[in-house]
**Student:** 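Before we start, here is the structure in question, set down as structure tokens.
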Number of protein chains: 2
Amino acid sequence: MNLASTARGTGHSTMEDVAQLAGVSLKSVSRVINAEPHVSVKLRAKVESAIAELNYVPDTAARSLAGSRTFIIGLLFDNPSPNYTMNIQKGVYEACRANQYHLRIDNVDSTAPREEFEAQLLALVRNSRCDGFVLTPPLTDDLVLLDFLDQSGIRYTRIAPASEHGRSPGVGIDDYEASASVAEHLWALGHRRYAIVRGPESHLAGARRRDGFVDALHKLGLDQPVIEVDGGFSFEGGIHAGTEIIGSDKLPTAIFATNDDSAAGIMAACSQAGVRVPQDVSVCGFDDSWVARSVWPYLTTVYQPIEEMGRAAASLLLRRDEPENGLHRLDFHLVVRDSTAPPRS
Amino acid sequence: MNLASTARGTGHSTMEDVAQLAGVSLKSVSRVINAEPHVSVKLRAKVESAIAELNYVPDTAARSLAGSRTFIIGLLFDNPSPNYTMNIQKGVYEACRANQYHLRIDNVDSTAPREEFEAQLLALVRNSRCDGFVLTPPLTDDLVLLDFLDQSGIRYTRIAPASEHGRSPGVGIDDYEASASVAEHLWALGHRRYAIVRGPESHLAGARRRDGFVDALHKLGLDQPVIEVDGGFSFEGGIHAGTEIIGSDKLPTAIFATNDDSAAGIMAACSQAGVRVPQDVSVCGFDDSWVARSVWPYLTTVYQPIEEMGRAAASLLLRRDEPENGLHRLDFHLVVRDSTAPPRS
DNA sequence: CCTACCCATGACATGGCTGTCAAGATTGCG
DNA sequence: CGCAATCTTGACAGCCATGTCATGGGTAGG
């Protein structure tokens, strides 16, 4: 093992060390590192072996000071669901690693008063030199933020944006179609009395899911209204929603919760009230998050490739060529587990 | 609103702009920014108002190139539990913000073969210029990593380390005592037949919990062995463990799962087998994570201030003066909810 | 009133890399 | 074989802060 590093106790070797060892100029080393054109094979080889020998790693700070890139991507989130966020983060992180980028995270708190929240957000974005942001819902649809980013010319991509598709590249699934597939599954099982548990209003994707589900049911021939209750995308909200639904006159035979957390809450409310899932009522979630397999019975839900979405969003950001605006659609699919079954006659 | 920023389309004003506007030297601005001594009140005021007017924010890259600090903290994790990790992350993030630092995350994958895993880890740590790392379990107890960090003189603090307390500052709760409090709770309820669900072997804190629980029970007078099963700290592991326990000759009346995820798995296994919680068996978890309130009945568990631990670990790292090595203990407490009750008969 | 010293301030070099431009080497073609 | 065009390489300035050291004014003590 070579302890590498010359002189000055920094412990790091610099580009100059590499240049010297390889017997070439500073700039040539730079060219090799950045894979610039016009470098002879021979020179490249010399430099590369010198780099390897010295265990050289370019200094990010110096690179970003001199150049125009920072080699940092910011992940901006304000998401109450740790599972979802963690998955996104993982995907974004991997894309960063693969491109020698670093991932910085920035967390905003949307429970703060709107005014304070906006100040927080803008300060964050303004101060933070980075090559771009990945936005997660519901920030993806925050017009103040989007306007600011667009005006400042700061690049960004969005994960599962529900509106403003023309403004930036985004990745996501088709929430409308996905929810329609839930409707079809439940309809095929024979259900005819439905309830839906909605997400928070700020979360536009939730609205898309609601529409996809309800529209599909009516298209399939449902002739009565779907009971609609708010569940706030949380377990607790799900419990409340579940309790409300169970207490209603005509207990539906199938409940679609527009995310897994609230579906878990529904199931808890059922178990509390002695209503059996799926014998008495079928429950379906959305996300196929970690919770879906942390409840009993395992939850029927819509799988969306969350980690992959993170990866894709970061990759779009990292491409040197400007990617096309608009939503890049990824595949979803229904995962049928144990929480849905035919209604008892 | 002042659009700030002078000249060159960078959109950012530099220290020079500030110096000019304030009519002082570059260095004086630097002094104000870094709160260095020997600055007159008058000068400081001038500079500060210029900073405000220009909306100036120091360039991190330049600062770290010129100075010795990077203004970045790295959070290194390899943790299967999204809830736990997310909480830590939040705490660390807040401490960073409060100190004008940025948080970079680095995620390693311990499911990779050990050799590859180590290479990954060391490359990460070596390449990444930052002012220090916050380590989460089980990385906190990885001797190869610790040795490398110590040798390289890279600063770090650890969250919930289970060993090697002398090597660096760490924060955590007393897992041994915390588990003893679980034992006392269950004993006081009248339970006399116990099972414990252990964590993965690599997770030394899990072992501490096991010891604290078992020792306390014997001290309280338990005269028979505690059934011990592995649960791997995961929901699935909990299901397996639960199934195994339920299938055993003498069903215990109380089960202590050493984290919440496996406790949730236990409860799922119970519900699956028709064993009621808490009537037939009491279940207790550990962590008071998000899952504890995502199961029904709500889980009795040990609260540990995870977010606070993150904050504390980062703060220790950020202090200019070298903090004392050793474990800084934070408070825990038992949260009694609905999954524990006196045994029948 | 002078020396000694401290405080406030500034000038300037420096950090590691990239961008620009120019020079030398090579190639192509009439 | 000569000249233009192209490819390869290098010299050097500059990015924006910080660290070091020098300077000038003020205060204290003799």
Side-chain angles (χ1 to χ4, degrees), chain A residues 5-47 50-51 54-72 100 127 129 131 320, chain B residues 5-47 50-51 54-72 100 102 127-129 131 320:
Chain A
S5 106
T6 45
R8 284 188 329 287
T10 73
H12 285 292
S13 36
T14 77
M15 217 166 77
E16 178 133 16
D17 300 329
V18 176
Q20 217 147 49
L21 180 60
V24 302
S25 78
L26 267 182
K27 182 62 199 180
S28 292
V29 178
S30 170
R31 286 205 181 88
V32 172
I33 290 172
N34 294 295
E36 286 173 27
H38 310 310
V39 179
S40 69
V41 179
K42 207 167 127 197
L43 190 149
R44 182 191 314 281
K46 273 195 295 186
V47 171
I51 288 179
L54 292 174
N55 227 312
Y56 168 74
V57 182
D59 182 306
T60 316
R63 288 233 275 186
S64 61
L65 181 56
S68 51
R69 294 180 294 169
T70 64
F71 298 93
I72 293 173
Q100 316 270 19
N127 300 357
R129 268 88 165 182
D131 291 352
R320 271 341 247 304
Chain B
S5 105
T6 44
R8 284 189 329 286
T10 73
H12 285 292
S13 35
T14 77
M15 217 167 77
E16 177 132 17
D17 300 328
V18 176
Q20 215 146 51
L21 180 61
V24 301
S25 78
L26 266 182
K27 182 61 198 180
S28 292
V29 179
S30 170
R31 286 204 180 88
V32 171
I33 291 171
N34 293 293
E36 286 174 29
H38 311 310
V39 179
S40 70
V41 180
K42 206 168 130 196
L43 190 149
R44 182 191 316 281
K46 273 195 297 187
V47 171
I51 288 178
L54 291 175
N55 228 311
Y56 167 73
V57 182
D59 182 305
T60 317
R63 289 232 277 183
S64 60
L65 181 56
S68 51
R69 294 179 295 169
T70 63
F71 298 93
I72 293 174
Q100 316 271 15
H102 289 298
N127 300 358
S128 78
R129 269 89 165 180
D131 291 354
R320 271 343 246 305

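We name chains A, B, ... by the order of the sequence lines, and we start the count at 1 in each one.
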**Student:** Let me know the distance between CG of B:Asn34 and P of D:dG19, rounded to the nearest Å.
**Tutor:**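 Whole-Å distance recorded here is 7 Å.
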
**Student:** Using a 4.0 Å heavy-atom cut-off, does B:Ile33 contact any base of the nucleic acid, only the sugar-phosphate backbone, or nothing at all?
**Tutor:**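 Here B:Ile33 touches no strand at all.
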
**Student:** In whole Å, what is the span from the CD atom of A:Glu36 to the C1' atom of D:dC7?
**Tutor:**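 Checked: the CD to C1' distance equals 14 Å.
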
**Student:** Could you pick out which residue, B:Arg44 or B:Ala62, lies toward the 5' side of DNA chain C when each is mapped onto its nearest nucleotide?
**Tutor:**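 Closest to the 5' end, via its nearest nucleotide, is B:Arg44.
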
**Student:** Is there a side-chain contact between A:Ser30 and the phosphate of C:dC17, meaning an N or O under 4.0 Å from OP1 or OP2?
**Tutor:**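 No, outside the criterion.
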
**Student:** For A:Pro58, report the nucleic acid contact type (base, sugar-phosphate, nothing); a contact means any heavy atom under 4.0 Å.
**Tutor:**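 It contacts sugar-phosphate atoms only.
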
**Student:** Walk me through whether A:Arg63 and A:Ile33 qualify under side chain to side chain contact (heavy atoms under 4.5 Å, CB included).
**Tutor:** CA-CA 11 Å; A:Arg63 288 233 275 186; A:Ile33 290 172; 3.5 Å; yes

**Student:** Of the nucleotides C:dG19, C:dG10, C:dT9, which one has an atom closest to the side chain of B:Ser40?
**Tutor:**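 The answer is C:dT9, which lies nearest to the side chain.
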
**Student:** Can you tell me the distance, in whole Å, between the CG atom of A:Asp59 and the C1' atom of D:dC16?
**Tutor:**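 Atom-to-atom, A:Asp59 to D:dC16, this comes out as 14 Å.
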
**Student:** Whole Å only: how far is the CD1 atom of A:Ile51 from the C1' atom of C:dC17?
**Tutor:**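 After rounding, the reported distance stands at 13 Å.
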
**Student:** For A:Leu43 and C:dT26, give me the distance from atom CG to atom P, rounded to whole Å.
**Tutor:**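 Result: 14 Å.
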
**Student:** How many whole angstroms separate atom CE of A:Met15 from atom P of D:dC15?
**Tutor:**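 To the nearest whole Å, that distance equals 17 Å.
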
**Student:** From the set C:dG10, D:dT18, C:dG19, return the single nucleotide nearest to any side-chain atom of B:Arg31.
**Tutor:**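 Out of C:dG10, D:dT18, C:dG19, the nucleotide with an atom closest to B:Arg31's side chain is C:dG10.
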
**Student:** Can you tell me which nucleotide in D:dA17, D:dG10, C:dG10 comes closest to the side chain of A:Ser25?
**Tutor:**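 Side chain of A:Ser25 sits closest to D:dG10.
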
**Student:** At under 4.0 Å between heavy atoms, what does A:Leu26 touch on the DNA or RNA strands: base, sugar-phosphate, or nothing?
**Tutor:**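 Counting heavy atoms under 4.0 Å across all strands, no contact is made by A:Leu26.
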
**Student:** Choosing from C:dA8, D:dT9, D:dA17, which nucleotide comes nearest the side chain of B:His38?
**Tutor:**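 Looking only at side-chain atoms, B:His38 lies closest to C:dA8.
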
**Student:** Give A:Val29 one of three labels, base, sugar-phosphate or nothing, depending on what nucleic acid heavy atoms sit under 4.0 Å from its own.
**Tutor:**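 Counting heavy atoms under 4.0 Å across all strands, no contact is made by A:Val29.
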
**Student:** Can you name the closest pair of heavy atoms from A:Met15 and A:Ser30 and give their distance?
**Tutor:**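 For A:Met15 and A:Ser30, the tightest heavy-atom pair comes out as CE-CB, 3.9 Å.
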
**Student:** Which part of the nucleic acid, if any, lies within contact of B:Tyr56, taking any heavy atom under 4.0 Å across all strands shown: a base, the sugar-phosphate backbone alone, or nothing?
**Tutor:**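 Sugar-phosphate, backbone atoms only, no base.
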
**Student:** Between B:Asp59 (side chain only) and B:Ala61 (backbone N and O only), is there a donor and an acceptor less than 3.5 Å apart?
**Tutor:**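 Yes: the side chain of B:Asp59 pairs with the backbone of B:Ala61.
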
**Student:** Only one of A:Val29, A:Leu54, A:Val47, A:Ile51 clears side chain to side chain contact (heavy atoms under 4.5 Å, CB included) with A:Leu21; which?
**Tutor:**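 The side chain to side chain contact (heavy atoms under 4.5 Å, CB included) with A:Leu21 is passed solely by A:Leu54 among A:Val29, A:Leu54, A:Val47, A:Ile51.
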
**Student:** Just how far is it from atom CG of B:Asn127 to atom CG of A:Asn55, taken to the nearest 0.5 Å?
**Tutor:**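 Rounded to the nearest 0.5 Å, the CG-CG separation comes to 8.0 Å.
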
**Student:** What are the two closest non-hydrogen atoms of A:Asn34 and A:Arg69, and how far apart are they?
**Tutor:**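 In this case the closest contact between A:Asn34 and A:Arg69 is OD1-NH2, 3.4 Å.
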
**Student:** C:dC17 C1' sits how many Å from A:His12 NE2, rounded?
**Tutor:**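 In whole Å, C:dC17 C1' and A:His12 NE2 are 15 Å from each other.
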
**Student:** Without decimals, in angstroms, what is the distance between A:Arg63 CZ and D:dC16 C1'?
**Tutor:**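 It is 18 Å, rounded to the nearest whole Å.
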
**Student:** Name the residue closer to the 5' end of DNA chain D, choosing between A:Leu65 and A:Pro37 according to the nucleotide with the nearest heavy atom.
**Tutor:**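 The residue whose closest nucleotide sits nearer the 5' end is A:Pro37.
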
**Student:** Nearest heavy atom decides the nucleotide; on that basis, is B:Val41 or A:Ala66 closer to the 5' end of DNA chain C?
**Tutor:**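 This one resolves to B:Val41.
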
**Student:** What's the closest nucleotide to the side chain of B:Lys27 if the choices are D:dG10, D:dT18, C:dG19?
**Tutor:**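 Shortest atom-to-atom distance from the side chain points to D:dT18.
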
**Student:** Do any side-chain nitrogens or oxygens of B:Thr14 fall under 4.0 Å of OP1 or OP2 in D:dC16?
**Tutor:**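 Answer no for this pair, as no side-chain N or O of B:Thr14 is under 4.0 Å from OP1 or OP2.
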
